[in-house]
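Bear in mind the structure is a predicted one, so any value in this text is a computation, not a measurement. All chains are named by letter (A, B, ...) in the order of the sequence lines, taking the proteins before the strands, and each is independently numbered beginning at 1.
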Amino acid sequence: MLDKTFDPAAVEPRLYDLWEKAGAFACHPASPAQPFTIMIPPPNVTGSLHIGHALTMSIQDMLTRWRRMQGRDALWQPGTDHAGIATQMVVERLLASQGQDRRSMGREAFLQHVWEWKAQSGGAITRQLRRLGASLDWPRERFTMDEGLSKAVIQVFVTLHEQGLLYRDRRLVNWDPVFQTAISDLEVESREVKGSLWHLKYPVAGEPGRFLTVATTRPETMLGDVAVAVHPDDERYRDLVGKHLILPLVGRRIPVVADAYSDPEKGTGAVKITPAHDFNDFEVGRRHDLPMPSVLDADARVMVAEIAAALSAVGGDPDFVRALDGVDRFEARKRIVARLQELELVEKIEPHTHQVPHGDRSGVPIEPRLTMQWYVDAKTLAQPAIKAVETGQTAFVPRQWENTFFAWMRDIQPWCVSRQLWWGHQIPAWYAPDGEVFVARSEAEAAEMARAKLGRDVALTRDPDVLDTWFSSALWPFSTLGWPEKTPELAKYYPGSVLVTGFDIIFFWVARMMMMGIHFMGEVPFRHVYIHGLVRDEKGQKMSKSKGNVMDPLELIDAYGADALRFTIAALTGPGRDVKLGRKRVEDHRGFVTKIWNAARFLEMNGIAADLGFEPAKATSPLARWVLDAGNRAVAECTAALEAYRFDEYAAAAYRFTWGTYCDWFIEFAKPVLNGPDGPEKAEVKGAAGHVFGTILRLLHPAMPFVTEELWHRFGYGAEGSLIRTAWPDAVAVQDAEAARAELDWVVALIGEVRGARAEMNVPPSVTVPLLLQGASGTTLARAAAWIDAIRRLARATEVKPLDGAAPKGVAQVVVGEATVMLPLADVIDLAAERARLAKARGTAEGEAKKIRAKLGNADFVARAPEEVVEENRERLAAAEAEMARLDAALARIAG
RNA sequence: GGGCGCUUAGCUCAGCGGUAGAGCGCCUGUCUUACACACAGGAUGUCGGCGGUUCGAUCCCGUCAGCGCCCA
C-alpha cells in the first residue's frame, strides 16, 4: 500500500544510492549507441550548491535523463574546478583566523594546507548535487588540478608557446592590490563611484604666470605624469603644443603633446598622461615614445624610486615627494591635493560620478600596472571559433546570444594568463640566471634546452606564477576525456552534444573552450550552447546575501522535495528569460507531485498496475482509445519541447496531460466502469489506465526522477531503480482515435455545460435532476445512453432522456451541439437569473456571429484569404447562428 | 555612447499573421468513496503609445515611451 502522502526525504536518498551503486549513471564507451555528452560546468571546489546551480544542473540532468531514456549512451561528466583566487582566498582566511599567513609559512606549506582543506571540505558540492538527483557519471569525476588535467595544461601551454601563440610581454595589466596579482579584463567590473574632478594647474615652462589646467580623477598619479595631451584641433591650446610644463611637486619638465585621445569636450580638454597607471595614457605614451615611470607599487602605495632622478627643487618639492614613499594611494591623494592647494595650483574641484574598475573578487579599485606577464594570442585563436559559430558548427540557443559571442570575439584582447598566486597550475617556464626563458614539460626538459642553447649547465628557476583558472577550464571538454592520450572516451564523447550555462560565462568559459577545443582537437567542443537566465527572486531582483533574499536549494529540497524544486525550475525556464523563483512556486508544484501520488493511490485501490500484456492497438472501448490517443499527443508534445530546449513547454504539456486529462477526466470516466461488473471493458480500461500511467511516469522522469522511479517499481513496471534506463515513450497505435475523440469531446462538453448552468443557478450538488434532450440526433442519444453513468456522476443527473412533449415549467437550458439540454429545476430556479444567463450566452454567440459576418461581408477577404480560412469562417458563422436560434428558442420557452 | 532584451488578466508568464491563453491570486459553491497539497464554477484584458504593410496585426516593419541587462 502506498502511504497517504509521498515522503521525499525517505525515498530520495534510497533511490539515488540505488542508481549510483547500480551504475545507472555510467556511460559505456564500448557500446554502439550514439553518444550524448554534457560536460558539467565544473563548480568551484570551494563552493556549495546555490540556487543558480540548481537551475543549470536540473536542466542538464533533464537532458541527460531524457536522452539516456531515448537510448543514447549518455555521459554527463562531473568534476570541480580548483578556482585559483577563490580557493586561495578561502584558505588564507581560514589560516588568518588561526593567526597564520601564507607568506610566513611559504609556498610548499601553504599548498599543503590547501590540499588538506580540499580533501576535507571539497566534496560538499558533489554531495549536494546528489541530493538534487543529478545523474552524473561519478566514477569519472575530475578535478582541474588532478594529474591528468595538469598534464593537459602543460601540453597546451608548451604547444601554444612553440606555436608563438603564447608569449611574455611587458604591458599594463589590471592589478589587484589586495590579491597582489594580475587579473584579466573579465575579472574587472566597472562600478559607479562618486568622486571628484580635480582641476590642476601645471605651470608653463619659461612663461611665469601662465598655466595649463588639466582635469583628473586621479591626482595621486600626477607624480608619474610624463606629458599633457591636448586635441590637435583644439584652438585653445594650439600654441602650447611642443612647449613644456613644469610638473608640480616633482619639478620634471614634461611636453604638451597633440593627441586625438584628448576630448575637448571633457574637463578642460587637456589631460595629464601617466602611461604606467592608465590604459589610455599607456597608448598615448607609446604613440609619443614617452617614458613610463611607475609611481605605485604592488600594494598600490606610492613608490618614488622610478622618479627619484627627476625630482627637482626648481619648480618641485623633492622632500614632500620623498615623504610620500610607501603611503597608500588614497592617503597620498589627500596629501597631494592639500599640498597643491597650498601652492594655489588647484583651480577647482567638481563633484564627479564616474566608472571605476574594481576587482570582482577583492572589490577594491584595480590599479593598472606595468608588469611582465604571460599572454595568449586570443585574436588568432578566436578566428576559427568565430567561423565555427558563423557556419553553425556550434549553435547557441537562444540564437541571439551569438551576437554577444561575436561582439566579444571580434574585439578580443590578448589574454593575460599568469597570476601571482600560489594555488593553481604553476607555469612551466624556467629562467636561466641571465633571464633567458625555457618553456618545457618538465624541469629536466628545460635543463636540456638550456644546455643545448647555452652549452653548459645553469641553475634554473621556475616561474613562480600560476595560470588563470580559466586556462584549465578552457580544456575541460577534452582534458577530462584523457587528452593528450588518445582514449576511447575522447574518440567517442568529443565533441559534446550541448553545453548548458548562463550568459555571464560566455566570455570566461564558452569562448575559451571554443578556441582551445578547435585549436587542439580540430573540432568544436560542443554542438549546441544552451544559455539560460539567472535565478532571481519573485520580484525579479538578483539574489544576494545583503538583500537577504537568497534561497537555499537544499532547504527547498528539505521542505518540498527535489522533484518539486526541479519541476518548478523546468516550468519557469523559458527561452531568454530569467527564472523568477519564489518559495510559493515550489510549494505549488509540490502539489503536482502529490497529485501524481494520489492518482497512483487511486490506481492501487482499484487493482490497476502495470499490465505488460496490454495491447493498445487492440483496445475497443472509446474511453481506452481516447486516453491512449491523448497520451500519444502528450508524448509528441513533450518530446518536441525537449528537442527545442523548451523546458517550460515540456513541463506544461506533461502537467496538462497528467492533471487536466488523465486525472480530471479519464479517472472520473473510468470510475463507473471500475465500480461496475468485471468483464472485457473493465479489463481494458484497467489496462489502458495502467499503460498510460506508465507513460506519464516515463514522461515526467527527467523532471521528477524520484517520485516517478518510486512509483515505477511499486506498480510493477520494472525492477526498483529501473525507470532511469527505461525507454522514452513513443506513440502507440490506436484504432479509430478520431471517433473516440469526437465522442468524448461531446461528453465533456455536455458535462461542462450542465455544470456551468447548475453553478450559476446555485444548485447544490446534492440536488440531482434529469437531463431532457430536445432536438438531439440519434448519435447524440446513443452517446448519452452509452455514457449515462459518467453523466450521472459528473453532471449530477438522475437520467438523460429525450424531451417528451412540451418543456416542463421552470427549466434551465443549455445548448450542446445540435441539442438543447433542459434541467427541470422548478423548485430552485430563479427565472430572471436564468433569462439573464441565456441572454448572456446569446450575446456571446451574437458577438461572434457579427464579427464573422463583417469579415465575410468584406469582398477583399473572400477574394484574397485562403479558401480554407474563408470556409472555416462560414462554418463558424453557421454554428454561431444555429446556437443563437436555439438560445432564442430557449428564451421563448421560459418567457411565458 | 554602442548593443541586446522586455512591455499580453491583480501577479508570473505562454502565444507571434486568421475564434486572446495557462498557473497563481481573487469571488462562489462542495468533506462527490485518489487527492482540501482537492473538486466544480465564475469574473478580470483599448495584447505600452502612434504610424505603416496586409483582405486581416497581440504577432511583421518603423517610431516614441518606460523597464532591465551587457559592453564602453
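Of the C1' atoms belonging to B:C27 and B:C59, the separation is 33 Å, rounded to the nearest Å. Between B:G18 and B:U44, the two C1' atoms lie 25 Å apart (nearest whole Å). Rounded to a whole angstrom, the distance from the C1' atom of B:G49 to that of B:C67 is 15 Å. Going from the C1' atom of B:A22 to that of B:U8 covers 12 Å, rounded to whole Å. B:G51 and B:A65 have their C1' atoms separated by 15 Å, with the value rounded to a whole Å. Nucleotides B:C60 and B:U7 are separated by 11 Å at their P atoms, to the nearest Å. Atom name P, nucleotides B:C64 and B:C4: the rounded distance is 14 Å, in whole Å. Going from the C1' atom of B:G29 to that of B:C50 covers 46 Å, rounded to whole Å.
In this structure, the CZ atom of A:F405 is 20 Å from the C1' atom of B:G5, given to the nearest Å. The separation between A:W401 atom CH2 and B:C70 atom P is 9 Å, rounded to whole Å. Atom-to-atom, CG of A:N858 to P of B:U54 comes out at 14 Å; the value is rounded to the nearest Å. What separates CE of A:M1 from P of B:A34 is a distance of 12 Å, to the nearest Å. One interatomic measurement links the two molecules: NZ of A:K855 to C1' of B:G17, which rounds to 10 Å at whole-angstrom precision. Straight-line distance from the CZ atom of A:F666 to the C1' atom of B:A34: 14 Å, rounded to whole Å. Separating the CG atom of A:N762 from the P atom of B:U28 is a distance of 11 Å, rounded to the nearest angstrom. The nearest whole Å value for the distance from the NE2 atom in A:H358 to the P atom in B:A72 is 15 Å.
Between A:Y717 and A:W712, the ring-plane angle classifies as parallel under the 30° and 60° cut-offs. Between A:W659 and A:F592, the ring planes lie parallel to each other; the angle is under 30°, not in the 30° to 60° tilted range.
Contact check for A:E846 versus A:K851: no side-chain heavy atoms found under the 4.5 Å cut-off. Contact of the A:K4 side chain with the A:R601 side chain is registered, since non-hydrogen atoms from C-beta on lie closer than 4.5 Å.
The distance between the ring centers of A:Y530 and A:F647 falls below 6.0 angstrom. Between A:F6 and A:W597, the gap from one ring centroid to the other is short of 6.0 Å. Between A:W665 and A:F669, a ring centre-to-centre spacing shorter than 6.0 Å is recorded.
Across all strands, A:E668 comes closer than 4.0 Å to base atoms (heavy-atom distances). No engagement by A:E604 is indicated, since no non-hydrogen atom pair under 4.0 Å with the nucleic acid exists. Using a 4.0 Å heavy-atom cutoff across all strands shown, A:P866 reaches at least one base atom of the nucleic acid. At the heavy-atom level, A:R656 lies nowhere under 4.0 Å from the strands shown. Among the heavy atoms of the strands, none lies under 4.0 Å from A:A407. Base engagement by A:A865 is indicated by at least one non-hydrogen atom pair under 4.0 Å involving a base atom.
Here the CZ atom belonging to A:F715 is positioned 5.0 Å from the CG atom belonging to A:L2, to the nearest 0.5 angstrom. The distance from the CD atom of A:E12 to the CG atom of A:D558 is 9.0 Å, given to the nearest 0.5 Å. Expressed to the nearest 0.5 Å, how far CD of A:E875 lies from CG of A:L877 amounts to 11.0 Å.
For the side chain to side chain contact (heavy atoms under 4.5 Å, CB included) test with A:L750, the passing option among A:V754, A:V747, A:V748 is A:V754; the others fail. Residue A:F508 forms a ring pair (Phe, Tyr, Trp, His ring centres under 6.0 Å) with just one option from A:W470, A:W408, A:F503, and that option is A:W470.
Here A:K671 does not reach the OP1 or OP2 of B:U32: none of its side-chain N or O atoms lies under 4.0 Å away. In this structure, A:R577 reaches the B:U7 phosphate: one of its side-chain N or O atoms is under 4.0 Å from OP1 or OP2. Side-chain nitrogen and oxygen atoms of A:K851 include at least one within less than 4.0 Å of the OP1 or OP2 phosphate oxygen of B:A20.
Nearest heavy-atom pair, A:N873 versus A:I852, reported as atom, atom and distance to 0.1 Å: O-CG2, 3.2 Å.
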>> At under 4.0 Å between heavy atoms, how does the protein contact nucleotides 39-46 of chain B? Give one character per nucleotide, 5' to 3', with B, S or -.
In response: SSS-S---
> Pairing of RNA chain B as dot-bracket, 5' to 3': ( ) intra-strand, [ ] crossing, | other strand, . unpaired, with Watson-Crick or G-U pairs under 3.5 Å?
Replying inline: ((((((((.[[[[.)..(..]]]].(((((.......))))).....[[[[[..)....]]]]]))))))).
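Relative to the side chain of A:N598, the nucleotides B:C70, B:U19, B:A34 differ in distance, and B:A34 lies closest. Comparing B:U19, B:G18, B:C24 by their closest approach to the side chain of A:N873 singles out B:G18. Closest approach to the A:R646 side chain among B:A34, B:G15, B:C4 is made by B:G15 (side chain taken as heavy atoms from C-beta onward).
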Every protein N/O within reach of nucleotides 10-12 of chain B N/O, cut-off under 3.5 Å:
none

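Where A:M605 and A:T5 each meet RNA chain B at their nearest nucleotide, the meeting point lying more 5' is that of A:M605. Between A:V869 and A:T594, the one whose closest nucleotide on RNA chain B sits nearer the 5' end is A:V869.
Within the cation-pi definition used here (under 6.0 Å to the ring centroid, within 45° of the axis), A:R399 does not qualify as a partner of A:F396.
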